[in-house]
Trainee: 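Dropping the structure in here first, questions after.
Note that the coordinates shown come from a computational prediction; the quantities given were computed from them, not determined experimentally.
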Amino acid sequence: MEFEFTLNGEKRRVSTDARSPNTDVTIDGTTYEVDWSRIREGVISLILDGRSHTVHVARKDGGVSVQVEGYQYSLETGSSDDDSAVAAGAGAGDGGSIKAPMPGNVVKVMVEEGDEVTAGQSIVVVEAMKMENEVRSSVDGTVKKVSVAAGDSVGTSEVMVEIEPAE
Amino acid sequence: MNKILIVNRGEIAVRVVRACRDLGIPAAVVYSEADRASLHVLEADEAVCIGPAPALESYLNIDAVIEAARKVGADAVHPGYGFLAENWRFTKRCEDEGLTFIGPTSDALQLVADKIRSRETMLAQGVPIIPGMMSSGKDMAEYREKAAEMGYPVLVKASAGGGGKGMHVVREESALEDAIEASSRVAASAFGDDTVYIEKLIERPRHVEFQVLADTHGNCVHLFERECSIQRRHQKIVEESPSPAVDNELRAKMGETAVRAAKACGYTNAGTVEFLLDEDGSFYFLEVNARIQVEHPVTEMVTGVDLVRQQILIAAGEKLEFTQADLSQTGHAIECRIYAEDPRNNFLPSSGVITLFREPQGPGIRHDCGIYEGWEVPVHYDPILSKLIVHAEDRDAARARMKRALSDMSILGIATCLEYLWAIIDNEAYAAGETQTDFIEKHMSDWTSGASSEETEHLALIGAALSLATESGAGGAVRERTPSPWDTLGGWRIGGGGGR
């Protein structure tokens with residue numbers, strides 16, 4: 001099986017047959033001989049060169065979160081296998097959409113349709129967990145559509161404002 | 001006491017439930033509609049829903065809380081921290097309704113909540129306070145005159161304030177007027193009281209607080225200090241006891257002062273006297289925290305005293321079981337607060353389902369926890385998830401143990417500050433005990449995550465690939481299982497036949 005992960009903005013190719021308890025795993029041309037065991041869902045034990053590591057893996061939108069040796073990684077997936085769960089729509093890259101970063105309540109909408117905005121400008125203030133968070137535009141452009149008003153509840157990644165990026 | 005109603009949620013509610021169990025007192029909790037599946041509801045003996053998710057309609061709704069106490073037949077109320085813990089009107093209501101409030105009296109609460117009145121009380125008792133005004137100024141000229149007297153920089157503060165709200169640092173006279181107006185405006189909208197005052201700014205101080213216990217028979221002891229200087233957004237994240245900046249002589253002096261301060265306020269039950277400690281060893285009274293504090297476990301670890309148990313015993317009218325001479329500090333304890341927040345993204349709170357959770361274990365490790373795997377962290381409340389506390393022979397051993405415990409802890413599905421906390425404990429300045437209140441700004445501003453090695457990145461990639469490859473439906477790559485004893489035992493079951 002082949003997997004393609006994006007880690008810190010870099011594409012990494014990982015292939016493995018994952019069949020026997022000792023298997024080869026190849027990362028971008030480097031091959032490791034891995035003694036592995038699936039302890040339960042999301043928990044993988046690895047022994048590499050005699051060193052034991054436990055890797056924790058959990059699904060998230062567009063990929064997986066992984067924790068190992070106290071470090072946490074976010075891996076975006078786009079599998080080369082035909083696996084819809086793995087092939088996710090991460091990194092849609094539409095910088096013009098102002099999305100809610102988390103579920104919360106809209107405190108303030110700072111733009112109106114037709115407004116010119118610049119990258120870095122605050123567009124919406126969302127309150128969650130007793131804290132106000134400003135959501136900013138990542139592009140220069142014109143406000144095409146405002147879909148929320150103060151007092152509305154929003155869910156993660158819900159589009160609140162659409163911005164037509166400047167040419 | 002026949003039954004205690006715990007008016008809180010999260011890890012502290014669970015902590016109080018356990019203290020009740022240890023004392024053999026039934027524990028009831030309240031919860032909001034958003035908290036039906038929260039750990040404190042699962043752990044309690046009884047649970048009452050008191051309203052919708054917003055705290056104002058549930059955990060802060062005094063009428064609903066009193067009704068819940070009646071409904072379950074509780075004769076005492078434990079407020080935890082936050083929510084109604086330091087609201088004297090709630091305490092007064094409990095007193096009027098004949099419910100035992102596990103905390104100070106409403107009179108003492110009212111006094112310590114008023115910063116100007118409590119400064120006057122302290123001054124009268126010879127407790128050192130930060131040079132500053134005893135009341136609000138009648139006009140700008142008076143503020144100017146006082147600021148010049150104490151010398152710049154000064155701090156403009158709201159009398160009714162807290163949590164840094166309405167606080168402004170003024171470094172020169174030209175900025176004073178704007179700061180006073182801004183502070184007074186914020187104070188009026190946030191606290192309904194526009195009174196502001198100014199005091200001398202102590203630069204690069206440490207935040208050192210003393211735990212006190214006072215019974216209703218006039219006995220009061222201190223349980224030494226906690227150093228809580230490491231803060232971000234005016235919120236503590238790492239605490240420890242003893243303080244690396246306090247020696248025995250200073251400790252005795254500050255402890256004696258803390259007891260005097262608590263007595264001066266007519267304080268009973270568990271409380272904390274906060275001080276600012278200057279680099280030259282002079283210390284100044286800041287305020288009394290009239291509640292059990294988030295960081296109370298570090299004191300419990302070094303003194304061996306269960307503070308929540310003591311709170312309940314004191315509220316029941318019992319005499320303290322020990323004197324000052326019976327108390328000592330053993331070893332060193334550190335606490336890290338685990339928040340659902342993303343240090344990679346300006347500490348933005350994070351919510352969602354905890355898809356994987358592993359707690360650290362082993363000697364000297366305590367985890368005061370309000371979460372479980374599969375639980376969805378709601379968006380409505382403070383993002384504290386749990387507290388990790390370690391205890392060891394000395395500070396270096398405690399630091400090493402904390403680093404180990406943090407790396408052994410896994411929380412996936414939501415963002416947490418685990419890696420960031422590890423970096424604080426690992427920091428050279430932290431190791432050297434340079435824990436002034438500007439620590440984060442000074443030593444952590446260039447922190448970036450993923451400062452890991454190629455090796456751990458590869459481990460993550462290998463683990464992710466193998467995990468995805470074994471998920472059901474992922475191309476049929478499910479591993480063959482080696483037969484376990486369970487498969488080969490035939491009709492036998494271990495311990496079979498007896499039943500339970």
Trainee: For the CE atom of B:Met409 and the NE2 atom of A:His56, what is their distance to the nearest 0.5 Å?
Mentor: 11.5 Å
Trainee: Measure A:His53 against the heavy atoms of chain B and call it side chain, backbone, both or neither at under 4.5 Å.
Mentor: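 When you check distances to chain B, only side chain atoms of A:His53 fall under 4.5 Å.
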Trainee: Provide the closest heavy-atom pair for B:Ala464 versus A:Val64 in the form atom of the first, atom of the second, distance.
Mentor: CB-CG2, 4.2 Å
Trainee: Return the orientation label for the B:Trp422 and A:Tyr71 ring planes: parallel under 30°, perpendicular over 60°, tilted otherwise.
Mentor: tilted
Trainee: Would you check if A:Glu41 and B:Leu356 make a side-chain contact, meaning some heavy-atom pair closer than 4.5 Å?
Mentor: no
Trainee: Is there side-chain contact between B:Glu457 and A:Asn8, with heavy atoms separated by less than 4.5 Å?
Mentor: yes
Trainee: If I take atom CD from residue B:Glu454 and atom OG1 from residue A:Thr30, how far apart are they, to the nearest 0.5 angstrom?
Mentor: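 If we round to the nearest 0.5 Å, B:Glu454:CD and A:Thr30:OG1 are 7.5 Å apart.
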Trainee: Considering only heavy atoms, which portion of B:Ile384 lies under 4.5 Å from any heavy atom of chain A: side chain, backbone, both, or neither?
Mentor: neither
Trainee: What I want to check is whether the side chains of A:Glu69 and B:Thr456 have a donor and an acceptor closer together than 3.5 Å.
Mentor: no
Trainee: Based on non-hydrogen pairs under 4.5 Å, which of B:Pro378, B:Ser410, B:Gly463 is most in contact with chain A?
Mentor: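 Top count of heavy-atom pairs under 4.5 Å with chain A: B:Ser410.
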Trainee: Keeping B:Glu419 on the side-chain end and A:Gln72 on the backbone end, is there a donor-acceptor pair under 3.5 Å?
Mentor: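 Here the side-chain-to-backbone pair exists.
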Trainee: So, taking the atom named CD1 in B:Ile462 and the one named CG in A:Leu48, what distance separates them when rounded to the nearest 0.5 Å?
Mentor: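 Answer rounded to 0.5 Å: 5.0 Å.
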Trainee: Check this for me: B:Lys403, atom NZ, are more than 12 non-hydrogen atoms of other residues, nucleotides or ligands nearer than 6.0 Å?
Mentor: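 More than 12 heavy atoms, drawn from other residues, nucleotides or ligands, come within 6.0 Å of this atom.
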Trainee: Do you know which two heavy atoms are closest between A:Ser65 and B:Leu412, and how far apart they sit?
Mentor: O-CD1, 3.6 Å
Trainee: Is A:Glu33 atom CD crowded by more than 12 heavy atoms from other residues, nucleotides or ligands, each under 6.0 Å away?
Mentor: no
Trainee: In terms of heavy-atom pairs under 4.5 Å, which option from A:Val66, A:Leu75, A:Val57 contacts chain B the most?
Mentor: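 Of the options given, most contacts go to A:Val57.
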Trainee: Working to the nearest 0.5 Å, report the span between CD of A:Glu134 and CG of B:Leu348.
Mentor: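 A:Glu134 atom CD to B:Leu348 atom CG measures 11.5 Å (nearest 0.5 Å).
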Trainee: So which heavy atom on A:Tyr73 is nearest to which on B:Ala460, and how close?
Mentor: CD1-CB, 3.5 Å
Trainee: Side chains of A:Val55 and B:Leu466, heavy atoms from C-beta outward: is any pair under 4.5 Å?
Mentor: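 No, their side chains stay 4.5 Å or more apart.
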Trainee: For each of A:Val68, A:Asp28, A:Thr54, A:Thr23, tally heavy-atom pairs with chain B at distances under 4.5 Å, and name the one with the top tally.
Mentor: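 Highest number of pairs under 4.5 Å: A:Val68.
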Trainee: For the interface with chain A, which of B:Leu461, B:Val353, B:Thr355 has the highest count of heavy-atom pairs at distances below 4.5 Å?
Mentor: B:Leu461
Trainee: Hey, could you give me the CG/CD1 distance between B:Leu459 and A:Ile27, rounded to the nearest 0.5 Å?
Mentor: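 Reported to 0.5 Å precision, the distance equals 8.0 Å.
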